[in-house]
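Chain letters run A, B, ... following the sequence lines, proteins first and then strands; every chain starts at 1. Side chains included, hydrogens not; waters and symmetry mates left out as well; all remaining heavy atoms used.
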Protein chains: 2
Amino acid sequence: MQTLLKHIQSIHPISKEAEKSLLEISKEVHFQKGTDVQLIGHTCKTIYFVKEGCVRIYYFKEDIDITESFEFENAFVARAESLFTGKPSLKAIQAIEDSSLIAIDSNKLFQLFDTHHDLERLFRKIIEASYVNTVNRIESLQFHTADERYLDLLKEHKDILQRVPLKYIASYLGITPVSLSRIRAHK
Amino acid sequence: MQTLLKHIQSIHPISKEAEKSLLEISKEVHFQKGTDVQLIGHTCKTIYFVKEGCVRIYYFKEDIDITESFEFENAFVARAESLFTGKPSLKAIQAIEDSSLIAIDSNKLFQLFDTHHDLERLFRKIIEASYVNTVNRIESLQFHTADERYLDLLKEHKDILQRVPLKYIASYLGITPVSLSRIRAHK
DNA sequence: GAAACTACTTTACATATGATAAGAAATTAC
DNA sequence: GTAATTTCTTATCATATGTAAAGTAGTTTC
């Protein structure tokens with residue numbers, strides 16, 4: 001749990017009481033490579049923090065598996081569209097490697113916001129940062145070529161090729177595995 | 001200002017005192033069609049609420065004008081990547097029609113969060129909703145054809161063709177104006 | 001260790017989108 | 001109201017990506 005507290009500290013320091021309350025609604029969970037952390041159709045009631053390993057959010061479009069996002073160590077993961085609307089999610093979370101996650105009960109967390117103002121601020125900041133990331137990703141998808149997006153991804157996650165199968169990377173970039181192979185061959 | 005308060009009410013009701021404080025840091029501003037509300041290179045310190053008219057966020061990629069987003073009546077607009085990081089923005093906000101906006105001083109707003117917990121919650125929810133929107137937009141850019149994206153946009157904003165020039169719509173969809181013309185011709 | 005399966009690459013062809021240029025339509029300026 | 005400017009469309013050609021199929025390499029299963 002120290003990893004989580006340390007990460008939080010770097011975003012927005014919170015009181016000892018808030019830390020204690022947060023830990024009370026958190027627990028460490030483990031998932032084997034390839035297994036689903038959360039299933040399609042399930043309403044998201046948990047926010048995860050990746051302590052070790054990596055996960056992806058994915059969904060199916062007409063039977064094709066599409067990776068929406070990856071998260072590695074020291075990042076939060078949740079299916080925002082379900083967590084913030086209360087509707088069942090069309091997406092799943094899957095462990096790409098054997099992973100240790102810290103699961104935070106979101107309903108209890110939202111309740112804590114009433115008594116711990118600093119916790120709400122912390123999570124506001126986390127959401128803001130995620131929002132900025134997605135806005136940047138839109139820019140990337142809107143006007144960068146697949147080629148540029150591939151190179152940008154490698155720059156940002158230097159070890160992603162060693163950790164994540166290319167087929168997941170392809171759909172994340174918005175292209176087919178065949179097209180990704182072609183791009184890689186031209187380097 | 002009633003429009004703003006009414007909109008807020010529908011998201012997360014706040015106390016009379018919070019409303020009063022919010023109005024104290026807000027003022028109505030007017031922009032003529034085609035003029036910039038905020039300039040490129042300027043650090044974003046204002047959150048706007050569109051009372052009337054419509055605006056777009058845009059930037060230049062290699063001299064080409066690209067529309068990142070549109071906002072119409074009853075929506076908030078801000079350049080998130082600058083507002084939440086404090087860095088100068090590479091983007092501008094422009095009025096597409098003669099527009100009446102309500103300008104909220106973001107630094108003062110963030111200060112109010114300390115005394116008005118309900119205000120922070122309101123804006124947390126606003127950010128959450130924006131975040132969900134951008135996640136959905138990624139999905140759209142990632143695996144829908146330009147054709148599908150065009151039809152989706154028309155469905156969501158039925159009057160957009162009457163209000164927004166096609167060249168702005170084209171770059172928003174991630175395609176050239178020529179390509180958009182082609183898509184429209186095939187309907 | 002052989003068989004089965006999965007991930008990745010390569011090739012050939014089809015299609016969508018980009019780039020450029022020219023013309024038509026609409027809007028703005030005087 | 002005409003001229004000038006901007007916006008939009010159409011046509012042509014080039015290029016990137018998709019689809020399908022076959023082959024290779026690596027991994028898993030028993």
Q. Closest to the P165(B) side chain: dC8(C), dC8(D), dT17(D)?
A.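 The answer is dC8(D), which lies nearest to the side chain.
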(Q) Can you tell me which nucleotide in dC8(C), dC8(D), dG18(C) comes closest to the side chain of R182(B)? (A) dG18(C)
[N] [atom2] sits how many Å from [X] [atom1], rounded?
X: Q162(B); N: dA26(C); atom1: CD; atom2: C1'; value: 15 Å
X: I96(A); N: dA7(C); atom1: CD1; atom2: C1'; value: 15 Å
X: I64(A); N: dA7(C); atom1: CD1; atom2: C1'; value: 17 Å
X: L180(B); N: dA16(C); atom1: CG; atom2: P; value: 16 Å
X: L141(B); N: dT17(C); atom1: CG; atom2: C1'; value: 15 Å
X: I183(B); N: dT10(D); atom1: CD1; atom2: C1'; value: 15 Å
X: L166(A); N: dA25(D); atom1: CG; atom2: P; value: 16 Å
X: L161(B); N: dA25(C); atom1: CG; atom2: P; value: 19 Å

Q. Would you say S99(A)'s side chain and E97(A)'s backbone share a donor-acceptor pair under 3.5 angstrom?
A.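 Answer holds: yes.
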Q) Is there a donor-acceptor contact under 3.5 Å from the side chain of S130(A) to the main chain of I126(A)? A)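 Side chain of S130(A) to backbone of I126(A): a pair is present.
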Q. What does S181(B) touch in the nucleic acid at a heavy-atom separation under 4.0 angstrom: a base, only the sugar-phosphate, or nothing?
A.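 Result for S181(B) = base.
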Q | Toward the 5' end of DNA chain D, by each residue's nearest nucleotide, V178(B) or K167(B) | A | K167(B)
Q | 5' priority, DNA chain D, between S179(B) and Y168(B) [closest heavy atom] | A | Y168(B)
Q) Listed in order of residue number, which residues of residues 31-38 of chain B have a non-hydrogen atom at under 4.0 Å from DNA chain D? A) none
Determine whether the side chains of [X] and [Y] contain a donor N or O and an acceptor N or O closer than 3.5 Å.
X: H116(B); Y: S15(B); value: no
X: E120(B); Y: H117(A); value: yes
X: H157(B); Y: R163(B); value: no

Name every donor-acceptor pair, under 3.5 Å, that has one atom in a side chain of residues 45-55 of chain B and the other anywhere in the protein, sequence neighbours excluded.
residue : atom : partner : partner atom : Å
Y48(B)  : OH   : Q38(B)  : NE2          : 3.1
K51(B)  : NZ   : E28(B)  : OE1          : 3.1
K51(B)  : NZ   : E28(B)  : OE2          : 3.2

Q.
By nearest heavy atom, map V164(A) and F143(A) onto DNA chain C; which one lands nearer the 5' end?
A.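 By nearest-heavy-atom nucleotide position, the 5'-most residue is V164(A).
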Q) Once you round to the nearest 0.5 Å, how far does CG of L83(A) lie from OG of S89(A)? A) 10.0 Å
Q.
I'd like to know whether the aromatic ring centres of F123(A) and H12(A) sit less than 6.0 Å apart in this structure.
A.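 So the answer is no for these two rings.
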Q: Compare side-chain N and O positions of R184(A) against OP1 and OP2 of dT9(C) and report whether any pair is under 4.0 Å apart.
A: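 Answer is yes, contact under 4.0 Å.
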(Q) In terms of relative ring orientation, are Y58(A) and F60(A) parallel, tilted or perpendicular, with 30° and 60° separating the classes? (A)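 Perpendicular.
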Q. For DNA chain C, which residues in residues 169-177 of chain B have a heavy atom at a distance below 4.0 Å?
A.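 Contacting residues: G174(B), I175(B), T176(B).
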Q. Under the criterion salt bridge (charged side-chain N to carboxylate O under 4.0 Å, His left out), which of K167(B), R56(B), K91(B) is the partner of D65(B)?
A.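 The salt bridge (charged side-chain N to carboxylate O under 4.0 Å, His left out) with D65(B) is passed solely by R56(B) among K167(B), R56(B), K91(B).
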